[in-house]
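This is a predicted model, so every value here is computed, not measured. Throughout, a chain's letter reflects where its sequence line sits, starting with A, and its residues are numbered from 1.
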Amino acid sequence: MEELPSRGALTSIDNFLFQPRINDEFTVSVGVGRTKKSSKPGTCEWQLGYRSRKKPDVFIIARADFVGTEVRDYFILPYMLLPHGAWLTVSGKNYDRLSSFRAETLDPFFELCAREKLELPQ
Amino acid sequence: MNEPDVIPRTRMRALRAAARAKAADRFERNRQAVIVVIEACRQLMADTKFRAILIRIGVSDAPRLLMRKSAPTEGRKSSFGDPSLEFVIAWSFFKPLFEQPAVVEYLSKKQPDFMMRMKDAFISLVLDGPFPLTEAVGRPARSVIPSQRAKTLRAGFSAKSG
């Protein structure tokens, strides 16, 4: 939220959904996907279950280890395209299908939110 | 009595592979169609007359990804591997504009199919995009489950008493 104004983006809180609203156009929600406690060494099984009546337009998954707070990477999902009330459960190999939405940092998301002033050529 | 038809395993594998290939082809066509729509959005934003209309109705800025100049080469890729996110940004920006009379009037004269193409792209992404509608699972709200359970119980009681 702090980075967005530097890119020209407006942030606010949606009064109805109580979710961050970017540029007064779309809402965002964030979830954390953690590795499973019984993960075998050398493997990476992690999972996320998300369902909310307040469906955001963009959903960001921060992938983290079971223990600790360091985020490995992010998945930035166009949640608007999911039907209302859908239950999103992703684990293990299913994350492969989300690989096209994977990002090491949130910079691609900030770039998506960036704005430019509308000007007419002189 | 007729024996039920049994499909050989090899045939089933072939059918499944064909279905997967068809789905992948449909997905790729959708993806390219969405990229074309996003490029159309960029071209519209580069139109000075359209910009003048937006400024007149009070729009002071626009998503940077729509203000980038269109790439001259074909098959341009999005920042992510999938253009759905860029489409979400473009859709969030344009959807409120489709309710502005000045914008609708301009689009109906200069690009009469623009709004329809945006809506079609949205629908195709919901149906066949990164999260196909057929794979989305919805669970009933928690408040429904107790009443369903109550109905089942009541049905059970009345069956016993009958």
Heavy-atom closest pair, residues B:V88 and A:P78: CG2-CB, 3.6 Å
One should read off an interatomic distance between B:S92 OG and A:L112 CG, to the nearest 0.5 angstrom, of 10.5 Å
Atom OG in B:S60, atom CD in A:E119: separation rounded to 0.5 Å? 11.0 Å
Transitive ILVMFWY side-chain link A:V30 to A:F59, under 4.5 Å: yes
OH of A:Y79 to CG of B:L85, rounded to nearest 0.5 Å, is 14.0 Å
Within one Ile-Leu-Val-Met-Phe-Trp-Tyr cluster: B:L66 and B:V36, side-chain cutoff 4.5 Å: no
Is A:E111 close to B:L65 at the side-chain level, that is, under 4.5 Å between some pair of heavy atoms? no
Drop me the distance from A:N23's CG to B:F93's CZ, to the nearest 0.5 angstrom. 10.0 Å
Max heavy-atom pair count under 4.5 Å with chain B, selected residue of A:D57, A:D24, A:V58, A:L118: A:L118
